Structures are given as C-alpha cells and as structure tokens.
Number of protein chains: 2
Amino acid sequence: MRLVVATCSVDYQGRLQAHLPLATRLIMVKADGCVAIHADGGAYKPLNWMNAPNRLVEGDGTWTVTNDKGERLTITMTEVHSDTSVELGRDPGLEKDGVEAHLQELLAADVTVLGRGWRLVRREHPTDIGPVDLLCRDAEGAAVAVEVKRRGEIDGVEQLARYLERLALDPSLRPVRGVLAAQVVKPQARVLAESRGIGWVELDYDALRGVERAEMTLF
Amino acid sequence: MRLVVATCSVDYQGRLQAHLPLATRLIMVKADGCVAIHADGGAYKPLNWMNAPNRLVEGDGTWTVTNDKGERLTITMTEVHSDTSVELGRDPGLEKDGVEAHLQELLAADVTVLGRGWRLVRREHPTDIGPVDLLCRDAEGAAVAVEVKRRGEIDGVEQLARYLERLALDPSLRPVRGVLAAQVVKPQARVLAESRGIGWVELDYDALRGVERAEMTLF
DNA sequence: GTGTATATCTCGGGG
DNA sequence: CCCCGAGGTATACAC
C-alpha cells in the first residue's frame with residue numbers, strides 16, 4: 001500500500017463529472033491498484049476514487065488513472081508532502097455474524113417460529129425474477145412465501161409482492177400468501193404490507209440463536 | 001489525520017458482530033474521530049470502521065472505540081510498524097455535475113422535452129409516502145407524474161407506481177398517468193412499466209444541457 | 001456479461 | 001431523532 005500526502009486538485013470524469021479544488025489530502029493506492037483520495041473527515045468514504053482494475057500513469061505532477069469503462073481520474077499535485085509504501089500482505093478477511101443470510105438460516109432451521117405447524121418446503125425457491133427466501137406450507141398445507149430482512153422496509157414488501165405475483169401463476173402453489181419476517185418492521189412497511197394482504201412478523205434474533213443453540217445441545 | 005500500520009486483530013460488535021484475525025493493516029483515524037481499518041485491496045471500503053462521533057481509548061496494545069449507539073470496535077495490536085500524523089486542514093468539498101438532481105432541474109426547466117404542450121405544475125410534489133419528482137399537465141390538461149432517474153430500473157417503476165396509487169386518490173388530479181424519465185431505461189423496467197400502463201422516455205443529458213445553455217444565451 | 005438483492009451500506013434532506 | 005431517497009453506490013451471486 002502506498003500513502004501519499006499531497007496538495008492537489010482532482011477531476012473525475014465518468015459516470016458523472018466531479019471536481020475537487022486545491023487542498024491537502026491523502027492519496028491511498030492499494031496493492032490491487034485502486035486509488036482513493038481522502039480528506040480528514042467524512043467517515044470512511046473517500047472524496048474521489050477509482051476502483052481496480054485500472055491504469056495509473058504518473059506524469060510530471062499529474063497522475064492519470066483510467067479504466068476500460070472510459071472513466072478517468074486526474075490528480076494534479078502542486079506539492080507532495082510525503083510518499084511512503086508499506087507491505088501489508090494478504091488479509092485473511094472478515095468474519096461476520098448477524099446478517100440476513102444468518103437470519104434466514106436460523107429461520108429455516110425452525111419455521112414454526114413463524115406459525116404453529118409450518119414446515120419448510122425450500123430455501124431460495126426460484127422464480128423467474130429471483131429467488132424467494134423461504135417457501136413454506138402452513139398447518140393447513142397452504143403455501144406461504146417468506147421474505148427475510150434484517151429491517152423490514154417498503155422495498156421488502158415490494159419484493160415479496162413481485163414474488164407472490166409470480167408464485168400465484170403456479171397452480172400447485174395457489175393460493176399462496178406472503179409474510180415479511182424481520183427484526184424490525186417499519187411503520188410504512190406495515191401499512192403497505194397490510195394494504196396488499198401481506199403479513200409481517202418481527203423476529204428476536206438472540207432468541208432464535210438461543211433456540212438453535214439449545215437444540216444443538218439437545219442432539 | 002493519523003495513520004498507523006500495525007499487526008492487529010479486530011472485533012466489532014454493534015449492528016452485527018464481526019471479527020478480523022491477526023494480520024498487518026492500516027488504521028486511519030480522521031480529524032473527526034472516525035476510525036477505519038484498511039487491508040491492501042478491496043476497493044475503498046475498509047474491513048472495519050467506526051464513524052464519528054465516538055470515543056477512542058488507547059490502552060496497552062488495545063484500542064477501544066465506542067459510541068452512544070452501543071457499538072464497540074476493539075483493536076488488539078501485537079506490533080506497531082509505524083504511527084504518523086499529518087495536518088490536512090479543512091477540505092473545500094466535492095463539486096458534482098450530472099446526478100439525478102441536475103437532471104430533474106434540466107427537465108423542470110423545459111418539460112416540453114417530455115411531451116409537446118406539457119407544463120410543469122410542481123417539482124417534488126408531496127404525497128403521504130414521499131415526493132413525486134415532477135407533476136405536470138399534458139397538452140389536454142391531464143395530470144402526469146414523472147419519476148426522474150439516471151438509470152431507469154425496476155425499482156424506479158415500483159416507486160412511480162406507488163405514487164400513482166396515491167395521486168389517484170386526489171379527485172383534482174384523476175385521471176393521472178405516469179412517465180419514467182431516465183438517460184437509460186433497462187429492458188426489464190420497460191416491460192414492467194408497460195405492463196402497468198406507465199410510460200417511459202430516455203433523455204439525452206448533453207442535449208438537455210445544450211438546450212438550457214442555448215436558452216440562457218438567448219435571453 | 002446482465003440481472004437481482006444485500007449492506008455495520010454512506011450521505012443528505014425534511015419533518 | 002427517524003424516515004426517505006440517491007449513490008460514480010460496492011459487493012456477491014445466479015443465470
């Protein structure tokens with residue numbers, strides 16, 4: 001990784017046009033070639049950047065970074081305050097827990113959390129516009145499509161509604177109803193869901209995990 | 001801005017739980033207090049981070065960053081390879097051109113681009129689920145809701161459809177139709193729009209800007 | 001490659 | 001503060 005502190009102006013031309021007036025900034029060049037220009041604030045997002053793969057040409061006080069999509073980043077430096085490189089090596093990567101995929105796993109392991117007597121037919125049940133998170137049958141044997149979210153918002157309801165439209169075309173599933181399952185279901189999402197005849201349920205992640213742990217201990 | 005290169009492991013607990021095994025990384029601390037841990041690849045996004053405002057406590061080989069939302073980032077360093085600080089000063093900020101807001105401005109300045117004889121009623125016309133980008137009247141005086149996007153995709157059609165549902169409840173607007181206006185309208189979006197009776201139009205950004213420039217020259 | 005969904009999204013605006 | 005919408009979203013994954 002190369003770290004350059006320089007007084008510079010920057011121009012980006014590609015998906016939009018953007019210009020940074022002259023100021024002192026940090027320019028980070030990673031091993032994969034990506035370039036990021038950071039100010040001393042504004043969370044982790046750089047002011048400007050160019051992802052890999054790209055080509056970096058260092059000219060006289062000007063760096064030009066281009067890629068195959070026709071994007072171009074031009075850094076014009078009036079003064080370079082420091083220019084250091086450091087070898088970091090390959091990173092073992094981030095281990096996550098508590099994202100939607102995990103929530104879906106926990107639910108799939110015991111869909112009776114959603115309703116007494118329910119059973120799982122299939123995870124990631126395919127439709128022609130994308131996969132439904134969980135396809136279940138309720139105690140009466142009726143099909144239920146479940147959309148799992150960390151946060152239940154309007155777009156989750158829309159997504160489920162689109163799937164329901166498709167699933168309803170399959171005679172073996174009809175009639176099919178939908179349930180939005182999330183740790184939190186926002187008020188707007190509740191309103192929209194109810195107005196479309198879609199159910200919703202809030203999940204307790206820690207309890208789900210506790211249930212799983214208890215069962216793993218049991219067997 | 002402070003830049004520390006260290007061999008460290010990292011744990012984050014908050015919106016999810018995440019762990020980074022021991023490896024050498026760059027730790028960036030900005031003037032506003034935000035902390036980001038970068039590997040030597042993976043675009044500009046850090047592996048782990050903590051936004052401002054927060055509290056950073058430096059202990060013996062361990063940094064602990066906490067905030068009021070109950071999030072906690074713990075960095076355990078086994079070796080510090082370098083630790084430098086640099087004064088960057090306040091950044092003048094990014095100037096953008098070519099984003100949706102600008103597209104909407106250009107369209108609002110001349111809605112006849114969308115249809116002969118159209119006139120603009122209001123920009124950001126409010127509904128109870130959000131504002132419609134442009135509300136117009138066509139040559140016959142019928143209401144038209146226009147959703148402006150840089151790229152017209154399925155979610156833009158859904159968004160406009162939701163607005164149309166609401167607008168149709170207003171007798172003074174009924175009947176109201178919708179048009180998705182974008183520089184590019186994706187095939188799926190076209191299909192979905194047409195199946196819902198929503199129109200779509202592709203815009204030439206440069207031409208729009210040229211028209212505006214020409215008019216500004218004229219008057 | 002396009003298409004679809006997720007994200008500790010980030011960021012900004014409005015109430 | 002939350003809610004909502006845009007983003008050069010980025011990123012992963014399926015087709």
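Note that the structure is predicted; figures quoted are calculated from it, not measured. Residue numbering restarts at 1 for every chain, and letters A, B, ... go by the order of the sequence lines.
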Asks: Base, sugar-phosphate alone, or nothing: which one does B:E147 contact when heavy atoms must sit under 4.0 Å apart?
Replies: sugar-phosphate

Asks: Specify the separation, in whole Å, of atom CG of B:D133 and atom P of C:dG14.
Replies: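 Value for this atom pair: 14 Å.
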
Asks: Using a 4.0 Å heavy-atom cut-off, does A:D155 contact any base of the nucleic acid, only the sugar-phosphate backbone, or nothing at all?
Replies: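 Counting heavy atoms under 4.0 Å across all strands, no contact is made by A:D155.
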
Asks: How do A:K149 and B:N51 order along DNA chain C: which one's closest nucleotide is nearer the 5' end?
Replies: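 Taking each residue's closest nucleotide, the earlier one in sequence belongs to A:K149.
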
Asks: With heavy atoms under 4.0 Å as the rule, sort A:L94 into base, sugar-phosphate or nothing.
Replies: base

Asks: Given atom NE2 of B:H19 and atom C1' of C:dT8, what is their separation to the nearest angstrom?
Replies: 17 Å

Asks: Show the numbers, then the answer: is there a salt bridge (charged side-chain N to carboxylate O under 4.0 Å, His left out) between A:R90 and B:D40?
Replies: CA-CA 7 Å; A:R90 182 137 194 87; B:D40 208 351; over 6 Å; no

Asks: How far does CG of A:L135 sit from CG of A:D170, to the nearest 0.5 angstrom?
Replies: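 Between A:L135 CG and A:D170 CG, I get 9.0 Å after rounding to 0.5 Å.
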
Asks: Within the pair A:K45 and C:dC11, is there a side-chain N or O less than 4.0 Å away from OP1 or OP2?
Replies: no

Asks: With a 4.0 Å cut-off on heavy atoms, is A:R151 in touch with a base, just the backbone sugar-phosphate, or nothing at all?
Replies: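 Result for A:R151 = nothing.
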
Asks: Say you pick atom C1' in D:dA10 and the same atom in D:dA6; how far apart are they, in whole Å?
Replies: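 It comes out at 14 Å once rounded to the nearest Å.
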
Asks: Quick one: does A:E194's side chain have a donor or acceptor within less than 3.5 Å of a partner on A:G199's backbone?
Replies: no

Asks: Do B:D155 and B:R162 sit within salt-bridge range, that is, some charged N less than 4.0 Å from a carboxylate O?
Replies: no

Asks: If I take atom CD in residue A:E95 and atom C1' in nucleotide C:dT8, what distance separates them, rounded to the nearest angstrom?
Replies: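 About 16 Å, once rounded to whole Å.
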
Asks: Closest-nucleotide mapping onto DNA chain D: is A:E153 or B:K69 further toward the 5' terminus? I mean the 5' end.
Replies: B:K69

Asks: Taking OH from A:Y44 and C1' from D:dT11, how many angstroms apart are they, rounded to a whole number?
Replies: 11 Å

Asks: Would you mind telling me which of C:dG3, C:dT8, D:dG8 lies closest to the side-chain atoms of A:L16?
Replies: D:dG8

Asks: Anything under 30° is parallel, anything over 60° is perpendicular, the rest tilted; go ahead and classify B:Y44 against A:Y44.
Replies: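 Correct class here is tilted.
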
Asks: Are OP1 or OP2 of C:dT10 and a side-chain N or O of B:R15 less than 4.0 angstrom apart?
Replies: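 Answer is yes, contact under 4.0 Å.
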
Asks: Please report the distance separating the P of C:dT8 from the corresponding atom of C:dT4, rounded so that it comes out in whole Å.
Replies: 23 Å

Asks: Given that A:E71 and A:I154 both sit by DNA chain D, which one's nearest nucleotide is further toward the 5' end?
Replies: A:I154

Asks: Any idea which of C:dT8, C:dT6, D:dT11 is nearest the A:K96 side chain?
Replies: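 Side chain of A:K96 sits closest to C:dT8.
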
Asks: Specify the separation, in whole Å, of atom CZ of B:R123 and atom P of C:dG13.
Replies: 14 Å

Asks: Taking 4.0 Å as the cut-off, does a side-chain nitrogen or oxygen of B:W49 come that near to OP1 or OP2 on C:dT10?
Replies: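 Affirmative; the distance criterion is met.
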
Asks: For B:G115, does its backbone N or O pair with a side-chain atom of B:T112 as donor and acceptor, under 3.5 Å?
Replies: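 Not confirmed, B:T112 side chain does not pair with B:G115 backbone.
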
Asks: Would you say B:Q188 places a side-chain N or O within less than 4.0 Å of OP1 or OP2 belonging to C:dT2?
Replies: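 No, outside the criterion.
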
Asks: Write down the distance between CD (B:Q159) and C1' (D:dA6), rounded to a whole number of angstrom.
Replies: 9 Å

Asks: What is the distance, to the nearest angstrom, from the CD atom on A:E124 to the C1' atom on D:dC13?
Replies: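 Rounded to the whole Å, the gap is 10 Å.
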
Asks: What is the distance, rounded to the nearest whole Å, between atom CZ of A:R166 and atom C1' of C:dA5?
Replies: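 The distance from CZ of A:R166 to C1' of C:dA5 comes to 17 Å, rounded to the nearest Å.
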
Asks: For D:dG7 and C:dT6, measure between their C1' atoms and round to the nearest Å.
Replies: 15 Å

Asks: Could you work out the separation of C:dC11 and D:dT11 based on their P atoms and round it to a whole Å?
Replies: 15 Å

Asks: A:M50 has a side chain; which of C:dC9, C:dG3, D:dG8 sits nearest to it?
Replies: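 Within the option list, the nearest is D:dG8.
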
Asks: Taking 5.5 Å and 30° as the limits, would you call B:Y12 and the base of C:dT8 a stacked pair?
Replies: yes

Asks: Nearest to the side chain of B:Y163, which nucleotide is it out of D:dG5, C:dT8, C:dT10?
Replies: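 Shortest atom-to-atom distance from the side chain points to D:dG5.
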
Asks: Once rounded to the nearest 0.5 Å, what's the spacing between atom CZ of B:R137 and atom CZ of B:R119?
Replies: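 It is 7.0 Å, given to the nearest 0.5 Å.
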
